[in-house]
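Both backbone and side-chain heavy atoms feed into the values below; hydrogens, waters and symmetry mates do not. Here is how names work: the chains are called A, B, and so on, in the same order as the sequence lines, proteins then strands, and each is numbered from 1.
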Protein chains: 2
Amino acid sequence: MTALPNRDRRSERREATRLEIVDAAWRVAREDGLAAVTLREIGRLVGMQAPSLYSHFPSKNAIYDAMFGQAWQQIVTWFDDRPPMPSAPRRALLWLAEGFFDFAVADVARYQLMNRAAVPGFQPSEDAYAHSVAAYGRMRDVLRAAGVRRAADLDLWTAITGGAVDQQLANEPDGTRWRRQLARLVDMFADEVGVAGPKLRRAR
Amino acid sequence: MTALPNRDRRSERREATRLEIVDAAWRVAREDGLAAVTLREIGRLVGMQAPSLYSHFPSKNAIYDAMFGQAWQQIVTWFDDRPPMPSAPRRALLWLAEGFFDFAVADVARYQLMNRAAVPGFQPSEDAYAHSVAAYGRMRDVLRAAGVRRAADLDLWTAITGGAVDQQLANEPDGTRWRRQLARLVDMFADEVGVAGPKLRRAR
DNA sequence: GTCTATATTCTGATAGAC
DNA sequence: GTCTATCAGAATATAGAC
């Protein structure tokens, strides 16, 4: 009978190589945009010929898929690494809005890949998609803790926070013009949906 | 001395062909997305071989450029063709928000091309860009008429209205889930920046 | 598991006949 | 002004030697 070692050095090495490949793909995406991610360029960065990548991923879309799953895991880690959520409801909302905003602006390519239709023809697998559902659930928990539950109110929230991010990225990718409006936006939102607590900013 | 006719039938025909080409490009973009616009496909629709297009446009980017300029002219026409702007400030804001929203949703490819970085490598010419400046000025006039002047308040407005459009297109391209929130968003905004008048919707 | 070589397909653009 | 023929380059993916 063959001995079963509790560490499989071969598959550990294999997994490390896969991570190297995905890392290289991220570097290309950050540098030149998602559309510039090609197998040749990834191969160049990891020191491989492009066809060799097929020993580790069955297709280019499988690489995008790994990136997509990673990105949604990272946003969870991102919030875990931040100062903990404040207990005051409006402070908690601002904490969520700023965390989301900073995450998006920190890596535009990542933010684009997370939202659908960024890469023509790419559809995440069920497994990768599950990570996005989990992360979205975590963000909804924060809103819930602040007393926001109605579906229409959640739609208001996504419009406001997503809008601030999109304007920032479209008009001033390296600035803070819309980030500086987050406290006002949160106050507006909190007033409208009836979140208690003092205003984050005093009225004009 | 050669007679100078006041109509140049040749250049009229030429201009008509240019319009036909741009129209075909729009049809491709609407049907299969901006990325699917290729010279061969445009040629197929207008009944020409792809290289013949170079008799009318110096490059593919020049076609995108014509589309870009057209789109920004169309949004001005769009508002001109609507019922006139109401005089009540909050009604005027809702009129602007709904007009912008409906214009964006009516043709997603057009909306994408109008905002930057939709087509890799495409930069509008100065002439085409001027149309966007003009249209943006018209929208700012509406806000001004409603008493909104501060730069920060304009940023708030673009975040809110752009955010509603982006969420609608990303999550439910053919629905009205975020459109139905526009009146609430306008009320929130109007309260925050101090636009007078009764609420569009009664409080919860 | 990585290589070379190649298949296949698509793109924007140019040359030159008519 | 439109055509055919073609270029030059890029892309993903496969076959098969080592």
Side-chain angles (χ1 to χ4, degrees), chain A residues 8-29 31-68 109 113 118-125, chain B residues 8-29 31-68 109 113 118-125:
Chain A
D8 183 340
R9 305 186 72 86
R10 193 166 313 181
S11 63
E12 277 175 18
R13 185 81 202 89
R14 233 185 118 66
E15 185 55 26
T17 306
R18 276 176 62 96
L19 280 179
E20 261 187 87
I21 290 168
V22 174
D23 263 16
W26 277 125
R27 271 179 285 152
V28 179
E31 195 73 26
D32 301 317
L34 277 174
V37 175
T38 65
L39 299 181
R40 280 171 168 73
E41 190 61 17
I42 296 174
R44 205 179 62 78
L45 290 189
V46 298
M48 250 184 222
Q49 294 299 317
S52 304
L53 299 172
Y54 284 89
S55 297
H56 302 276
F57 289 94
S59 71
K60 188 190 176 187
N61 263 348
I63 299 179
Y64 280 131
D65 201 57
M67 296 166 80
F68 180 91
L113 181 60
V119 176
F122 167 65
Q123 283 281 93
S125 65
Chain B
D8 183 341
R9 304 186 72 87
R10 193 166 312 181
S11 62
E12 277 175 17
R13 185 79 201 88
R14 229 185 121 65
E15 185 56 26
T17 305
R18 276 177 61 96
L19 280 180
E20 261 188 86
I21 290 169
V22 175
D23 263 16
W26 277 125
R27 270 179 285 152
V28 179
E31 195 72 25
D32 301 316
L34 276 173
V37 175
T38 65
L39 298 180
R40 282 169 171 78
E41 189 61 17
I42 297 174
R44 203 179 63 78
L45 290 189
V46 298
M48 248 183 224
Q49 294 300 315
S52 304
L53 299 172
Y54 284 89
S55 297
H56 302 276
F57 289 93
S59 71
K60 188 190 175 187
N61 263 349
I63 300 179
Y64 280 132
D65 201 56
M67 297 166 80
F68 179 91
L113 181 59
V119 176
F122 167 65
Q123 282 282 93
S125 64

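Under the salt bridge (charged side-chain N to carboxylate O under 4.0 Å, His left out) criterion, B:R27 pairs with no residue at all, not counting sequence neighbours. Remark: A:S59 pairs with A:N61, A:A62 by the side chain to side chain contact (heavy atoms under 4.5 Å, CB included) rule, at least two apart or across chains. Every side chain to side chain contact (heavy atoms under 4.5 Å, CB included) that A:R40 has, sequence neighbours left out, goes to A:T38, A:A50. Take B:E31 and apply the side chain to side chain contact (heavy atoms under 4.5 Å, CB included) test, not counting sequence neighbours, and it matches no residue.
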Pairs under 3.5 Å (N/O, protein and nucleotides 9-12 of chain D):
unit_1 : atom_1 : unit_2 : atom_2 : d
D:dT12 : OP1    : A:K60  : NZ     : 2.8
D:dT12 : OP2    : A:L39  : N      : 3.2

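B:Q123 approaches B:D65 most closely through the heavy-atom pair O-OD1, 4.3 Å. Nearest heavy atom pair, residue A:L53 against residue A:V46, reads CD2-CG2, 4.4 Å. Annotation for B:H56 and B:R18: closest pair O-NH1, 3.0 Å, computed over non-hydrogen atoms.
One atom, CD1 of A:I63, and another, C1' of D:dA13, lie 12 Å apart when rounded to the nearest Å.
The footprint of chain B on DNA chain C, defined by a heavy-atom cutoff below 4.0 Å, extends from C:dT11 to C:dT14.
In terms of position along DNA chain C, the nucleotide closest to A:Q49 lies nearer the 5' end than the nucleotide closest to the other residue of the pair B:Y64 and A:Q49.
With salt bridges taken as basic N to acidic carboxylate O contacts below 4.0 Å, one links B:R44 and B:E41.
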